[in-house]
Trainee: 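Next up is a structure, given as structure tokens.
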Amino acid sequence: MASPIRVLTAVPICDGHDSAINTINLEFIRHGIEVVYLGYHRYVQDMVRAAIQEDVRAVGISSYNGGHVEFFVEVVKQLRKRGADDIAVFGGGGGTITHDDQRVMQKRGVDKIFFAGTSLTGMVDWVHQRYGKQHKASGRNGAPADMQLARKLTQIEDSYANGKAPRKSAMKKSGNTRVIGFTGPGGAGKTTLIDELVLRLLHREAQSRIAILSHDPSVVGEGALLGDRATMINSQHDRVFMRSMATRGQAGGLSPATEDCLLLLSQSGFDYVIIETVGTGQEAMPFQTKLVDQTVLVMNPDYGARLQLQKIVMLDLADIVVVNKSDQERAKTAMSEIERRIEQNERPQKLISTVAKRHRDVGVDQLCDLLTQPKPAAAASAKR
Amino acid sequence: MSKLGRVVEAVDKYNNFVENEVKRARTDKKFGQQMVDRWNQIKANIPVGTAPTGLKLPRLALPEIDEAGDITRYLLADGLPGEFPFLNGAYREMYLEPMQNPTIETGTYEKNGHGKKSKLNGSKNGASNGTVAAGVSPAQDKAEQPTRLPLQQAEEPTRLFSGLMLAEDTNERFHFLGAHQRSKRLSTAFDGPTLYGIDSDADGVFGKIGEGGVAVDTVEDMIRLYDGFDLGSPDFSASMTISGPAPIIMAMYIAAAKRRFGPDIVPKLRGTIQADIFKEVQAQNETIFPVEASLRFLTDMMEYTTRNMPRWYPVSISGYHIGEAGSTPVQQAAYTLSNGFAYAEMMAARGLEVNDFGPRLSFFLDCGLDVEYIALTRVSRRIWAIGMRDAFGAGHKAQMFKVHTQTSGRSLVAAEFKNNLTRTAAELMLSYMNGTNSCHSNSADEPFTTPSEEWIRLAAHGQAILLDESGIFKHTMNMLSGSPGMKAVERAVEAAILEEFREIERLGGVMGAVENRYQRSQIQTAAHRYEQQIYSGVRPIIALNKYRNENEDLPEFELARTPRSKQQLQVDRLKKFKAKNAKKAEPALEKLAAVVETDENCFPALMEAAEVCSLGQIGETLQEVVGRFRPMV
Ligand code: B12
Ligand SMILES: Nc1nc2c(ncn2[C@@H]2O[C@H](COP(=O)(O)OP(=O)(O)OP(=O)(O)O)[C@@H](O)[C@H]2O)c(=O)[nH]1
Ligand SMILES: [Mg+2]
């Protein structure tokens with residue numbers, strides 16, 4: 001099976017008209033397309049960075065608040081400047097984009113404008129026909145490092161999709177990179193927590209570079225909506241390389257290509273590589289790999305009765321357990337129940353309480369301190 | 001249970017109460033006769049007017065019923081216009097032309113029935129019966145004046161939303177629009193950078209300056225924007241459509257007014273600022289601070305205006321954006337009302353009296369072509385009144401759902417766009433049938449651009465044709481209310497709204513539902529279905545998927561696009577302002593930040609900062625303290 005088409009969609013800066021793009025996203029994924037959605041009110045540079053890192057075939061922009069000629073053309077220009085000539089730019093904006101505008105935009109490299117009244121199938125067909133072909137294996141000669149890395153990640157994903165034997169690499173991860181795995185039930189706050197950590201890391205360490213590998217489920221038999229970039233506002237940054245992956249049918253919260261992608265990222269000179277699983281049941285450890293230095297289990301205080309905790313295998317395996325949403329009533333009880341539960345393990349596990357959605361939360365500060373301490377030599381070996 | 005759960009209970013209880021009273025009127029002879037007598041008295045007191053053709057018509061139309069149970073149901077379940085539960089209208093008379101030669105003594109039915117107790121108070125009956133859920137309590141009954149027709153009569157309900165390019169350009173448009181009106185009711189649209197609290201000189205926004213609305217960065221822009229209007233005059237009101245940075249813009253408006261008219265102007269200021277954060281998170285996407293912080297800034301401002309600006313509406317609880325984002329009409333009403341109850345709960349939690357803040361809450365609904373719109377506003381008014389009275393203990397004025405309606409922009413399409421005139425006309429008709437207090441009619445060029453004067457003029461005229469030229473609304477209140485079809489829609493819509501309330505309540509109230517993305521995902525699903533229905537033909541859209549003209553060329557338009565030179569001018573002005581105020585800005589911002597760190601009301605500090613700081617400077621300072629909004633997909 002060929003790899004699904006990946007496109008990036010977004011709405012320009014100072015524009016919150018997202019109804020059209022939300023509908024189009026839904027329509028795309030129903031037709032097998034993987035959509036990395038960057039959200040509304042987004043700058044050119046954020047779209048360009050995301051398009052390159054995610055290595056999408058095309059960027060679809062939905063613009064309503066005017067200034068579209070300049071905006072679309074600027075996206076084209078920036079993509080070209082960074083060697084990504086083969087990432088197409090298309091989009092629409094109902095009646096606000098005129099035929100005259102379109103002519104100017106096309107002359108300056110925009111691929112296609114969909115006017116008001118175009119059927120949804122018309123757009124889906126266009127994407128399949130026009131963006132169905134894979135990119136050249138690498139970007140232009142001398143393409144920036146981000147782009148080279150992005151294309152290699154695509155190759156890995158593609159080789160899994162094509163059922164070719166994965167090219168297991170024997171290489172070891174580089175010693176300076178710290179790989180942190182986040183897992184936990186759906187909606188516990190993993191994404192929010194990671195983005196808050198990124199904010200702190202970028203702030204504390206003026207040089208460090210971070211990679212994020214984030215996962216969202218594929219809809220059965222269909223594409224996927226990869227929406228983490230829309231909420232991870234702090235991670236849209238030049239020192240952050242982020243890649244959104246669809247699970248493509250694999251259970252357990254990760255994609256078939258995850259381990260290889262993780263290995264590649266951990267050899268690519270980042271200081272931190274952070275990986276988030278899909279929200280999962282916690283019966284098993286999703287990170288079956290030596291590649292992950294530290295595992296963080298993010299819990300919701302609302303896990304139900306205390307008995308539930310006994311079944312959560314992840315509580316035995318995680319290096320750090322975070323009880324997020326501590327603004328909620330049940331948080332205190334949850335903390336003490338979980339504390340007692342992990343005491344049984346007799347391992348040096350840490351338990352932290354956070355409110356990820358609160359600005360400058362001290363719990364998140366603590367988590368950041370823990371994760372930036374000199375590498376605990378024990379952590380990796382404590383894992384089975 | 002949050003207050004919303006109580007509201008659901010209250011509506012159920014009230015509906016039961018009505019049915020019991022109906023039964024009582026049918027079984028208890030004496031009570032039944034009382035109701036019939038009242039009814040006859042009400043009818044006898046209705047003044048009669050004369051149409052230009054000489055036809056005599058009552059100023060209020062009532063159903064042709066004479067049986068005690070039916071009468072009771074009408075008076076209690078619907079209420080006369082201006083009376084609880086306000087199904088037929090917030091005021092006794094709306095849109096009617098002044099009486100020329102009243103043919104009878106109008107008695108208590110006079111539109112300014114000063115101080116006299118209304119004999120039409122349908123809910124009085126229940127109160128004498130000792131039932132809590134019935135009507136106003138006797139104490140309230142005494143305290144409240146009968147519904148007096150406020151300025152509604154003297155003021156045209158027409159209020160057109162406009163904003164383009166720089167402040168002076170919008171000012172010119174305001175004068176153009178106002179030239180034909182007795183009262184000056186301005187409605188301001190801001191450009192993207194302003195809506196997002198970003199300065200015009202920020203990186204990456206240059207092309208957006210003055211697009212889709214007016215650029216406002218500083219108090220000086222605010223002065224230019226309303227130049228030539230007397231902000232303190234009783235027949236002037238300014239509406240500002242902005243929410244994320246609303247408290248900052250409000251502070252700037254006050255600062256501008258003070259500079260022009262001195263500090264005594266503040267209590268006289270009259271107008272509305274949208275400021276509705278919940279619907280931003282749910283539909284319009286202009287939240288700039290985390291939700292909790294946004295709500296705190298909002299309630300700080302609301303508290304200030306409630307105490308100091310008695311003529312100001314500090315929030316316009318809006319369904320328009322929810323509807324336009326693609327929700328169903330029921331979702332629109334349900335989310336808007338529940339947001340409203342959530343604000344009321346927040347204000348009450350601050351220790352404000354419901355009868356102080358309640359009358360300052362106003363609403364803004366969408367009106368499209370779906371069948372629900374026959375009664376959506378009517379039902380909303382009813383639910384609001386019952387909820388406010390029985391779950392919040394509100395008196396008469398705080399029970400009233402005062403609403404601005406805008407016809408649906410999304411129903412207007414590019415294909416053969418002149419058809420949009422007909423669509424808007426139909427929607428206007430529905431809006432007035434629902435007794436809207438004010439109304440914006442969209443221009444036919446809506447799909448393409450900020451409307452040009454040609455089409456705005458037609459949009460405004462559409463309203464005048466309905467209200468002034470036609471006899472549909474000016475002779476008789478209730479002219480089209482209460483048809484069997486309308487009743488059927490009312491019942492179905494009310495039940496569906498309550499069902500939505502229950503779901504929201506299950507999710508922990510409005511805030512819990514927001515955190516679960518409930519409203520957003522419901523709206524998105526409905527929007528997707530709506531578009532699918534268009535392209536599958538389930539929803540006929542004339543000239544788009546039915547009777548399509550394949551040879552149609554897109555029309556040529558006069559596009560309202562802001563020239564680069566103007567955009568540059570805005571940037572230059574802002575830079576000058578910042579340079580001039582540099583010394584004063586810093587301490588003002590520091591003070592603001594310090595206050596925000598505490599629990600104090602930060603609006604006074606915001607007003608001080610607005611004198612010398614730009615919108616972006618203030619917005620950034622606030623974000624440093626409270627963080628940025630993390631969008632939801
Ligand atoms: C819905 C709407 C809103 C809603 C948006 C809700 C939401 N979450 O999206 C609300 C009410 C909140 C809103 C607010 C505003 N709006 Co508005 N809005 C519209 C409206 C009515 C419809 C747009 C729409 O979504 N249509 C439905 C989509 C599915 O159909 P379509 O637009 O025809 O698009 C088709 C194609 O173009 C294509 N397409 C579109 N995008 C893309 C992208 C890709 C990748 C592809 C493949 C295809 C594609 O798909 C569609 C199907 O065929 C238009 C007017 C109109 N009738 O078009 C004004 C309009 C866009 N808004 C306008 C303005 C000015 C505003 C405000 C700035 C007003 C203000 N000052 O406060 C605010 C700003 C809001 C914000 N946060 O940015 C102006 C823009 C004027 C201009 N550019 O010159 C318009 C044109 C109205 C007008 N004439 O004034 N708005
Ligand atoms: N009350 C509260 N809500 C939070 C907190 N942190 C995150 N949330 C909210 O929880 C919801 C889910 O957050 P995410 O960060 O997307 O959670 P996630 O674990 O990544 O979710 P999935 O990837 O879908 O499994 C969002 O609405 C957040 O705003 C918190 O500390 N308190
Ligand atoms: Mg997540």
Side-chain angles (χ1 to χ4, degrees), chain A residues 11-20 22-27 30 37 39-41 43-45 64-71 74 94-101 115-122 187 191-192 195-196 199 225 227-228 230-234 325 327 356-360, chain B residues 191-196 198 203-213 280 283-286 290 292-293 324-326 410 413-415 417 445-450 515-516 523-525 527-528 530-532 534-535 544-545 553-554 557 559-562 625-633:
Chain A
V11 177
I13 193 70
C14 297
D15 197 337
H17 288 92
D18 69 347
S19 184
N22 282 332
T23 288
I24 291 163
N25 285 347
L26 287 173
E27 202 61 23
R30 272 162 41 106
Y37 179 47
Y40 54 83
H41 186 39
Y43 286 103
V44 170
Q45 78 228 41
Y64 285 88
N65 280 351
H68 41 264
V69 176
E70 296 81 354
F71 195 92
E74 192 57 28
T96 65
I97 306 185
T98 66
H99 285 199
D100 281 349
D101 291 340
F115 295 105
T118 332
S119 74
L120 300 174
T121 21
T191 305
T192 313
D195 195 49
E196 284 295 315
L199 177 67
L225 181 64
D228 281 346
T231 54
M232 299 180 78
I233 44 177
N234 300 310
K325 306 198 183 187
D327 50 325
K357 74 163 180 184
R358 186 191 293 152
H359 190 50
R360 299 181 305 192
Chain B
D191 72 357
T194 311
L195 292 173
Y196 284 97
I198 300 176
D203 280 345
V205 303
F206 188 82
K208 300 282 180 182
I209 300 172
E211 290 284 320
E280 292 299 333
Q284 173 157 268
N285 305 325
E286 290 162 5
E292 288 82 355
E324 290 293 292
R410 192 151 181 177
V413 300
F417 80 101
D445 57 355
E446 163 83 10
F448 307 103
T449 171
T450 299
E515 270 180 16
N516 281 294
I523 295 167
Q524 287 171 11
T525 307
H528 183 219
Y530 179 94
E531 294 298 324
Q532 281 178 320
I534 292 179
Y535 296 104
L544 177 67
N545 63 10
D553 273 338
L554 270 186
F557 276 102
L559 295 178
R561 296 212 174 143
T562 312
V625 184
V626 301
R628 289 191 291 156
F629 175 65
R630 187 182 296 286
M632 295 183 207
V633 178

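Just so it is clear, the values below take in all heavy atoms, side chains as well, and ignore hydrogens, waters and symmetry mates. Each chain gets a letter, A, B and so on, in the order its sequence line appears, and its residues count up from 1. These figures come from a predicted structure and were not determined experimentally.
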Trainee: Which of the residues G227(A), G67(A), G117(A) is involved in the greatest number of heavy-atom pairs with chain B at under 4.5 angstrom?
Mentor: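 Of the options given, most contacts go to G117(A).
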Trainee: If I measure from the heavy atoms of chain A, does F629(B) come under 4.5 Å with its side chain, its backbone, both, or neither?
Mentor: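 Both backbone and side chain of F629(B) come within 4.5 Å of chain A.
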Trainee: So what's closer than 4.5 Å to chain B heavy atoms on T118(A): side chain, backbone, both or neither?
Mentor: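 The answer is the backbone of T118(A).
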Trainee: Checking side chain to side chain contact (heavy atoms under 4.5 Å, CB included) against Q524(B), which of T23(A), N22(A), N25(A) comes through?
Mentor: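 For Q524(B), the side chain to side chain contact (heavy atoms under 4.5 Å, CB included) check succeeds only for N22(A).
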Trainee: Is chain A contacted by the side chain of E531(B), its backbone, both, or neither, given a heavy-atom distance below 4.5 Å?
Mentor: both
Trainee: Count the heavy-atom pairs under 4.5 Å between each of A325(B), A293(B), A415(B), G213(B) and chain A, then report the option with the highest count.
Mentor: A325(B)
Trainee: Could you walk me through whether S19(A) and R410(B) pass the side chain to side chain contact (heavy atoms under 4.5 Å, CB included) check?
Mentor: CA-CA 11 Å; S19(A) 184; R410(B) 192 151 181 177; 2.7 Å; yes
Trainee: Could you walk me through whether L199(A) and R628(B) satisfy the side chain to side chain contact (heavy atoms under 4.5 Å, CB included) test, starting with their C-alpha distance in whole Å, then the side-chain angles of each, then the deciding distance to 0.1 Å, before giving a yes or no?
Mentor: CA-CA 12 Å; L199(A) 177 67; R628(B) 289 191 291 156; over 6 Å; no
Trainee: If you take all heavy atoms of P631(B) and I233(A), which pair is closest and at what distance?
Mentor: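 Heavy atoms of P631(B) and I233(A) come nearest at CD-CG2, 3.6 Å.
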Trainee: So which of T525(B), V625(B), I198(B) has the biggest tally of heavy-atom pairs under 4.5 Å with chain A?
Mentor: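 Option with the top pair count is V625(B).
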Trainee: Could you tell me whether E70(A) and K208(B) make a salt bridge, using a distance below 4.0 angstrom between a side-chain N and a carboxylate O?
Mentor: no
Trainee: Of the listed residues (N516(B), N285(B), V626(B)), which shares the most heavy-atom pairs with chain A below a 4.5 Å separation?
Mentor: N285(B)
Trainee: Below 4.5 Å from any heavy atom of chain B, which atoms of E27(A) appear? Answer side chain, backbone, both or neither.
Mentor: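 E27(A) touches chain B through backbone and side-chain heavy atoms alike.
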Trainee: Which pair of heavy atoms, one from V205(B) and one from C14(A), lies closest together, and at what distance?
Mentor: CG1-SG, 3.9 Å
Trainee: Taking R30(A), Q45(A), M232(A) one by one, which has the highest count of heavy-atom pairs under 4.5 Å against chain B?
Mentor: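 Of the options given, most contacts go to R30(A).
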Trainee: Of the backbone (N, CA, C, O) and the side chain (C-beta and beyond), which part of V413(B) lies under 4.5 Å from a heavy atom of chain A, both, or neither?
Mentor: neither
Trainee: Considering only heavy atoms, which portion of D18(A) lies under 4.5 Å from any heavy atom of chain B: side chain, backbone, both, or neither?
Mentor: both
Trainee: So which part of L544(B) gets closer than 4.5 Å to some heavy atom of chain A, the side chain, the backbone, both or neither?
Mentor: side chain
Trainee: Does any backbone or side-chain atom of E515(B) lie under 4.5 Å from a heavy atom of chain A? Answer side chain, backbone, both or neither.
Mentor: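 Side chain of E515(B) only, per the 4.5 Å heavy-atom cut-off to chain A.
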Trainee: Looking at R630(B) and N234(A), what are the two nearest heavy atoms and their distance?
Mentor: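 Closest approach of R630(B) to N234(A): NH2-ND2, 4.0 Å.
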Trainee: Under 4.5 Å, counting heavy-atom pairs only, tell me which of D228(A), D195(A), D100(A) racks up the most with chain B.
Mentor: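 Option with the top pair count is D195(A).
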Trainee: Can Q532(B) and L120(A) be said to form a side chain to side chain contact (heavy atoms under 4.5 Å, CB included), step by step?
Mentor: CA-CA 8 Å; Q532(B) 281 178 320; L120(A) 300 174; 4.2 Å; yes
Trainee: Quick check: closest heavy atoms across Y196(B) and D15(A), and the distance to 0.1 Å?
Mentor: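 Shortest heavy-atom separation between Y196(B) and D15(A) comes out as OH-C, 3.4 Å.
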Trainee: Does R358(A) come within less than 4.0 Å of E292(B), counting only side-chain N to carboxylate O?
Mentor: no
Trainee: Side chain from CB out, backbone as N, CA, C, O: work out which of these in P290(B) comes under 4.5 Å of a heavy atom of chain A, or both, or neither.
Mentor: neither
Trainee: What's the separation between atom OH in Y64(A) and atom CD in E211(B), rounded to the nearest 0.5 Å?
Mentor: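 So the gap between those two atoms works out to 16.0 Å.
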Trainee: What part of D203(B) is in contact with chain A, defined as an atom under 4.5 angstrom from a non-hydrogen atom: side chain, backbone, both or neither?
Mentor: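 Just the backbone, heavy atoms under 4.5 Å.
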Trainee: Is there a side chain to side chain contact (heavy atoms under 4.5 Å, CB included) between V633(B) and Y37(A) once you walk through the steps?
Mentor: CA-CA 8 Å; V633(B) 178; Y37(A) 179 47; 3.7 Å; yes
Trainee: Give, as side chain, backbone, both or neither, the part of A116(A) having an atom under 4.5 angstrom from any heavy atom of chain B.
Mentor: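 The side chain, not the backbone.
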